[in-house]
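Below: the structure, in structure tokens.
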Amino acid sequence: MTVRVRFAPSPTGHPHIGNIRTVVFNWLFARQQHGQFVLRIEDTDRTRYVEDALQVITGGLRWLGMDWDEGPEVGGDYGPYVQSERTAIYQEKAEELVAMGKAYRCDCTPERLEQVREAQRARGETPMYDGRCRNRPVGEVSPDQPHVIRLKVPREGVTVMRDILRGDIVFENRLLDDQVLLKSDRFPTYHLAVVIDDHIMGITHVMRGDDWISSEPKRLLMYEAFGWEPPVYAHVPLVLGTDGKKLGKRHGAVSIDEFRRQGYLPEAVFNFLALLGWAPGLGEEQEIFTREELIERFDITRINLAPAVFSYDKLNWINGAYIRALSQEELLKRLIPFWADAGLIPPDVPVEIIPTLKLLVPLVQERLKTLRDVVELTDFVFTDIAIPPVEKVIGSKMTAEQSLDAIRRVQTLLVGIVHFEATAMEIPMRRLADELGLKAGQLFSIVRNAVTGKEVSPPLFGSIEALGRATTLKRLEIAEEVLAKYIKAQEEG
RNA sequence: GCCCUCAUCGUCUAGUCAGGUCUAGGACACAGGCCUUUCAAGCCUGGUACAUGGGUUCGAAUCCCGUUGAGGGCACCA
């Protein structure tokens with residue numbers, strides 16, 4: 001039997017990273033089993049429909065490197081893959097259930113239902129449909145009048161769900177509500193549509209969030225009514241924020257495109273997500289896995305049952321590791337959009353600044369946690385810096401006069417360098433520090449502050465080379481003036 | 001309120017199904033050190049966990065029951 005799994009999002013907004021983790025599990029399972037991964041859009045709630053949501057979902061999956069064998073954009077033999085285009089099927093199947101006596105028509109108003117629930121809550125009971133229409137003679141609710149179709153849940157007995165991760169879960173039927181299957185707008189509810197589609201589309205394994213456990217018996221009852229074999233279930237735990245609550249916006253980025261914009265690599269996010277609630281086990285201590293390694297190792301039965309906390313720290317570490325593993329050429333390519341977005345370079349990069357960018361890449365590579373970090377690390381190369389406060393250009397344990405002298409000596413030195421390259425600067429600069437009786441760090445930190453405007457920067461000589469001789473000398477001149485002015489002011493009083 | 005699920009370092013986890021090799025292993029984070037022009041990266045060292053009570057057993061992180069805690073569900077939402 002060929003494994004067929006699906007991801008069935010509703011287009012109501014940006015996909016949540018916790019749901020995407022579940023998609024990763026599904027995709028990994030499908031690829032490993034040489035099965036099919038189906039994308040189906042569950043847009044049966046017209047009130048919550050969001051226009052671009054489909055593009056955001058497919059774009060997000062593609063960004064993460066997950067493809068689908070059937071679904072929107074790719075087609076397939078079981079289409080259409082958008083539920084709003086399948087309403088006739090659901091209506092027909094709902095009528096079948098009515099004809100079989102497994103479901104019934106109900107014309108109770110939303111107001112009445114709310115009153116019933118309110119009264120039940122007041123009595124401390126579980127809110128449930130009171131069964132008014134269930135007990136009316138068949139045909140009393142006219143098929144031509146607005147109504148819903150409800151599932152006629154048995155009042156006794158139990159329904160058992162077999163979950164490959166959790167074993168058998170037993171539900172008492174009497175605690176189950178008479179679920180609405182077809183709404184008054186003739187659209188199906190999730191429960192009806194998912195059962196029919198999963199069956200028709202030949203879905204063999206349903207892997208999804210454990211928030212679906214409680215409602216599964218209602219759907220199982222439908223499988224039973226239709227005489228269909230339910231799929232294999234695997235309910236995976238939810239993803240929590242650092243405070244132990246369901247992961248949400250207040251914890252940081254939650255949608256895929258936010259991670260992209262913040263400078264996370266798709267392969268790093270994929271790696272991280274695969275390891276959130278799953279581990280290869282067998283004493284495996286590796287943390288960084290290629291997509292192929294994950295496909296090979298993934299074991300659906302090893303998914304952890306406890307909810308996992310999303311750790312931005314760990315994601316940052318993994319992302320940094322992936323960045324360090326990139327070739328310089330590749331890193332440059334990925335960095336350009338971030339420089340451009342920050343307005344540091346034009347979006348269509350002029351050829352003359354490419355050499356500068358190429359110089360910068362090796363300087364920042366092992367310092368980046370995210371691609372976006374490059375902005376703060378290198379902005380001084382592309383924009384003017386503030387005039388440094390005098391204390392920043394006075395070396396540690398040095399006087400202003402000594403510092404001024406040092407700056408002037410550096411200027412002379414840099415003017416005289418033939419090839420303005422990092423490697424040509426280091427030795428003379430160290431010799432200069434020696435001559436001045438300074439430690440290298442004392443001298444370099446003055447120059448760093450003067451030239452980059454930062455106390456912390458990429459390696460100094462590389463930064464100077466990227467800046468170029470003219471800008472470097474100009475900034476040293478400014479520092480020189482700052483010091484001269486300060487000394488003069490001191491002398492005067 | 002009712003129903004369901006879950007429980008190893010701060011976090012992700014290995015070990016649990018086939019009890020002893022676990023004075024519980026790894027990673028992230030944290031602390032200290034080395035390297036070092038700053039910051040990183042890299043290397044070394046360190047602290048921190050089997051929720052709790054009872055059983056079963058020669059022996060329990062591992063099996064059973066209770067308790068506690070956490071999460072989820074109880075819509076003409078998905």
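To find a chain, count down the sequence lines: A is the first, B the second, and so on, and within it residues start at 1.
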For [N], does OP1 or OP2 lie under 4.0 Å from any side-chain N or O of [X]?
X        : N     : value
A/Thr44  : B/C77 : no
A/Lys183 : B/C77 : yes
A/Arg430 : B/U36 : no
A/Lys369 : B/A41 : yes
A/Arg121 : B/G1  : no
A/Arg174 : B/C3  : no
A/Arg324 : B/G42 : yes
A/Asn304 : B/A14 : yes
A/Arg123 : B/G1  : no
A/Lys314 : B/G10 : no
A/Arg117 : B/C2  : no

What is the nucleic acid contact for A/Ser445, judged by heavy atoms within less than 4.0 Å: base, sugar-phosphate only, or nothing?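 Touches nothing.
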By the 4.0 Å heavy-atom rule, please label A/Pro9 as base, sugar-phosphate, or nothing.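 No contact.
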Tell me which nucleotide, if any, is Watson-Crick or G-U wobble paired with B/G1 when both distances must be under 3.5 Å.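 Matched B/G1 with B/C74 under the 3.5 Å cut-off.
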Counting the benzene-type ring for Trp, do A/Trp278 and A/Phe25 have ring centres under 6.0 Å apart?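 Between A/Phe25 and A/Trp278, which both carry aromatic rings, the centre distance is not below 6.0 Å.
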Would you kindly say whether [X] and [Y] are connected by a side-chain donor-acceptor distance under 3.5 Å?
X        : Y        : answer
A/Asp45  : A/Thr47  : yes
A/Arg166 : A/His235 : no
A/Gln145 : A/Asp107 : no

Looking at A/Asp43 and A/Arg48, does any basic side-chain N land under 4.0 Å from a carboxylate oxygen?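 No, A/Asp43 and A/Arg48 are not salt-bridged.
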